[in-house]
Each structure stands twice: as structure tokens, then as C-alpha cells.
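Here's the structure we're looking at; comments come further down.
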2 protein chains.
Amino acid sequence: MGISERRIRQKEEVRNNILATAWQIVREEGWQALSIRKIADAIEYSVPVVYDHFVNKECILLEFAREGFCLLGRKMAQAKGKHADPAAQLRAMADAYWNFAFKNKEYYQVMFNLGIPCAEAEACTCLPEKINFRTLVGESIGEIMTNSKRTDISVCMKSHTFWSVIHGLISIKMMRTSDMHDDLNKLVMEDAIEGFIKNLT
Amino acid sequence: MGISERRIRQKEEVRNNILATAWQIVREEGWQALSIRKIADAIEYSVPVVYDHFVNKECILLEFAREGFCLLGRKMAQAKGKHADPAAQLRAMADAYWNFAFKNKEYYQVMFNLGIPCAEAEACTCLPEKINFRTLVGESIGEIMTNSKRTDISVCMKSHTFWSVIHGLISIKMMRTSDMHDDLNKLVMEDAIEGFIKNLT
DNA sequence: TTACTTTTGCTAACACTGTTAGAAAAAGTA
DNA sequence: TACTTTTTCTAACAGTGTTAGCAAAAGTAA
């Protein structure tokens with residue numbers, strides 16, 4: 001009987017509709033403007049229907065956070081793939097991370113600024129390959145570090161630093177309205193990454 | 001006539017009471033639990049009285065953010081004062097910043113994670129001296145950079161990087177529940193600062 | 001002390017939020 | 001047609017920030 005199949009399909013459709021509508025609201029009015037009632041109004045259903053698909057509002061946010069981590073992972077994998085030299089790979093990944101953050105502010109915000117426990121989302125594995133930006137960075141760093149004699153610090157810790165440096169620069173730039181010019185900001189980032197790479201060996 | 005003086009004094013008292021009560025709520029239940037009604041209940045006044053002292057809730061948060069920036073500035077100035085060598089000053093200031101963040105999570109959150117335009121608060125000048133952590137860091141960095149031949153990047157930009165590196169490490173550590181051990185995290189931070197200092201010359 | 005003015009503080013509401021219990025309507029099954 | 005399951009909605013609860021407008025208290029001048 002294809003009835004239950006159709007039902008599942010229709011339910012999925014409503015779910016996608018909820019997410020698409022939510023995303024539109026966020027893009028137009030920002031995260032703080034997103035409410036269950038607004039979504040319900042827009043999809044022309046009553047409020048409890050939204051709760052049939054997501055146990056609460058945070059689950060909706062988490063969905064976008066996961067999407068964001070997947071997208072970021074793909075972008076970084078793509079950037080990395082264009083280079084063979086591990087240092088060049090790190091530079092390209094930093095650049096990809098930077099561009100992702102500012103071309104997708106809404107994603108970046110839900111990933112890091114909305115108080116969602118990001119550990120799980122961050123560790124998400126995007127099909128077809130297990131793309132995780134921590135491991136992506138770790139591989140390149142590992143390559144560079146095996147050629148050096150630094151034993152005081154691990155690859156995992158250096159990956160953490162790499163991430164922190166970029167995230168710090170981005171999150172500070174994002175919260176300050178009138179800061180340095182964009183070009184200067186990117187220059188600062190590139191200099192920081194260059195220093196990081198030097199400090200690996 | 002001392003009547004109006006007394007009135008001002010009493011009004012100030014209520015204001016301080018509001019802030020003290022708000023701070024207690026935040027320490028006990030976190031920022032998201034802070035509401036005007038809870039404050040009003042605790043100080044045994046009605047809700048609109050709170051609005052006689054603060055035009056809105058954000059103003060209360062801003063007050064704490066300012067306090068936080070002052071406290072941080074003092075801590076860093078104090079740490080810096082213990083050393084003459086600019087590199088040692090930077091290490092000490094990074095350490096002070098790190099300790100401030102984790103010993104005063106509530107302050108750090110309101111300063112950076114609550115979506116408050118921090119530009120003004122950050123630029124706050126604490127009496128008696130004009131203590132601003134950007135300039136504090138800038139001075140030490142300037143000293144090191146005048147002895148070098150780097151002309152591609154300015155002291156201001158390097159100060160920005162210094163701040164970003166530490167902030168990045170802190171804000172990532174803060175949002176991840178079970179991450180590396182505390183000692184390892186601090187080690188990572190110290191390594192990052194060491195790399196930063198090396199990259200100044 | 002009385003009459004008037006200013007200050008102070010409160011009640012009650014408005015317009016929202018996330019969330020859920022329970023009833024009604026629609027759809028599918030025997 | 002009678003019954004069951006699924007779907008959907010109305011209406012509420014318990015909060016939130018914020019404010020209009022009125023009552024009470026305090027201070028001032030006669």
C-alpha cells in the first residue's frame with residue numbers, strides 16, 4: 001500500500017517547508033526574528049504542526065548548524081584539494097573558512113554564536129566522505145610536523161590552535177560594526193596563518 | 001536643602017540594588033535567566049521602577065559589559081607592570097586575559113557573547129588611568145616591532161591579532177563542554193602566544 | 001494646617017515568546 | 001456504514017520586554 005509512503009513523503013515536504021521558511025526569515029530579518037509562530041504563519045499551518053517535526057526550537061537551529069558544518073567542511077575539502085603542499089593547503093583552507101564565514105554569516109552565527117552545543121554538529125560527517133574540518137586541517141599539519149622535531153605539542157593541539165586563530169579573527173570582526181577595512185582584516189588573517197605555519201616546525 | 005541630595009542618594013541606592021541583584025541572578029542561574037521581573041521581585045519594587053534607572057534591559061547588560069572591560073583592563077595592566085621586557089609583558093597579559101575569562105565567565109559572556117555592540121564598552125577608560133587593553137598590548141608590541149624591519153604589517157594590526165588569538169582559544173573552549181584538559185588548553189594558548197611573539201620580528 | 005505641586009511607584013495592560021493539552025476534523029479501514 | 005487512526009487546530013499556560021495612566025506619597029507655599 002502506497003498510502004503510508006505518500007504520507008511520509010508529504011510529511012517530509014512539510015518538514016522541508018519549515019526549514020526553507022525558517023531560513024528565509026533568518027536571511028531577511030536575522031536569527032532573533034525567527035519564531036515558531038512566524039514559521040507556522042508562513043507555511044500556513046498552525047503552531048503545533050511545527051512541533052510534530054521538531055521537538056523544540058533549538059532542534060531547528062541545530063539542523064542549520066549541522067548544515068553549516070557540512071557546507072564548511074565541503075568548502076575546506078575543496079580548497080585543500082587544489083594543493084599538494086601541506087602549507088599551501090592550510091593557507092587555502094584558512095581562506096575558505098574566512099570566505100565561508102562572511103558569505104554565510106547566518107550559518108556562522110548559528111554554528112557558534114547561538115549557544116548551541118556544537119560538539120556533535122561539528123563532528124558531523126558529510127556524505128559521501130567523512131569530511132570534518134578538524135581532521136582535514138590535522139592531516140596537513142601532521143605532514144608538516146613529521147618533518148620537524150617539535151615534540152612539546154601534538155597535531156591535535158595545533159589543529160585546535162589553527163581553528164582558534166581563524167575563529168577569533170572572524171568572531172571579533174563580526175561583532176565590531178566599524179572596524180578595519182575588509183582588505184586589512186584579511187591581510188591580518190593571512191599574516192596570522194603565516195606565523196602559525198612557521199611555528200609548526 | 002539636603003532633601004534633593006538624599007533623594008539622589010536613595011535613587012542611586014536603588015540603582016545599585018538593581019545591579020547587585022541582577023548580578024546575583026546571573027551568577028546563580030546564568031544570563032538567560034535574568035529578567036526585569038525577577039529583578040523587580042528581588043528588590044521588592046514593581047517592574048516600572050527598574051525602567052526609571054535603565055531605559056531597557058540591554059542597558060543593564062551594557063553596564064556589566066563595561067564593568068567587565070574595566071576589570072579586564074586593570075588585570076592586564078597589573079600583569080604587564082610586573083615585567084620590563086615587552087615579550088614577557090605580552091606573555092603575562094595573555095595569561096591575565098585567560099585567567100580573567102575563566103574566573104569571570106559571566107563577565108566574559110556579557111562582553112562578547114550577548115550581541116552587545118562592544119566597541120564603546122571596549123574603548124572604556126578606567127580611572128584613574130586610561131586603561132584600555134588594546135593600547136596596553138599595542139605598546140608592548142610596538143617596542144618589539146621597532147627593533148625589527150617588518151613594514152608589511154602595523155602595530156595596530158598585530159594587536160588585533162594578539163587579541164583574536166586569545167579570544168578564539170577562549171571562546172572555543174567555552175562553548176565546548178568536554179574538550180581537552182584545562183592544562184593542555186593553557187599549554188596550547190602559551191604555544192600560540194609564543195608563536196605570535198616570534199612572528200613579530 | 002491647608003492647598004497645591006512634584007515626585008514616586010504601582011496596577012494593568014500590550015504584544016510578543018516557546019510550548020502543550022485536548023478537542024475536532026479528516027482520512028483510511030473493516 | 002461504523003470504527004479507528006491520523007492529522008490539525010483552538011485555546012491555553014507561563015513566561016518575556018515594555019509602557020500608559022492613575023494613585024499615593026512627599027515636599028512646598030499660603
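Proteins come first, then strands; the chains are lettered A, B, ... in the order of their sequence lines, and each starts at number 1. Model, not experiment: these values are computed from the prediction.
Between S35(A) and dT17(C) there is a side-chain polar atom (N or O) within less than 4.0 angstrom of OP1 or OP2.
Side-chain atoms of R7(A) lie closest to dT7(D) of the nucleotides dT7(D), dT20(C), dC9(D). For P48(A), taking side-chain heavy atoms from C-beta onward, the closest of the listed nucleotides dT8(D), dT20(C), dT11(C) is dT20(C). For S46(B), whose side chain is taken as the heavy atoms from C-beta onward, the closest listed nucleotide among dG17(D), dT19(C), dC10(C) is dC10(C).
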N/O-N/O pairs, protein side and nucleotides 12-14 of chain D side, under 3.5 Å:
{"unit_1": "dA12(D)", "atom_1": "N6", "unit_2": "R37(A)", "atom_2": "NH2", "d": "3.2"}

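Side chain to side chain, K158(B) and N199(B) meet the donor-acceptor criterion of an N or O pair below 3.5 Å.
Distance H53(B) NE2 to dT7(C) C1': 13 Å, rounded to the nearest Å.
Each of R6(B) and K11(A) was matched to the nucleotide of DNA chain D holding its nearest heavy atom; the match closer to the 5' end belongs to K11(A). Each of V14(B) and K57(A) was matched to the nucleotide of DNA chain C holding its nearest heavy atom; the match closer to the 5' end belongs to V14(B).
A cation-pi geometry, defined here as NZ or CZ lying under 6.0 Å from the six-membered ring centre and within 45° of its normal, does not hold between K103(A) and Y108(A). Judged by the 6.0 Å and 45° rule, K105(A) forms no cation-pi pair with F100(A).
The pair R91(A)-E190(A) does not meet the salt-bridge criterion, since no charged nitrogen lies less than 4.0 angstrom from a carboxylate oxygen.
The aromatic rings of W31(B) and F64(B) sit perpendicular, their planes meeting at an angle over 60°, well past the 30° parallel limit. Between F69(A) and F133(A), the ring planes are parallel. Angles under 30° get that label, and only those over 60° would be called perpendicular.
If you check every strand for non-hydrogen atoms under 4.0 Å, Y51(B) touches a base. Here D52(A) lies in heavy-atom contact (under 4.0 Å) with a base. Here I60(B) lies out of heavy-atom contact (under 4.0 Å) with every strand.
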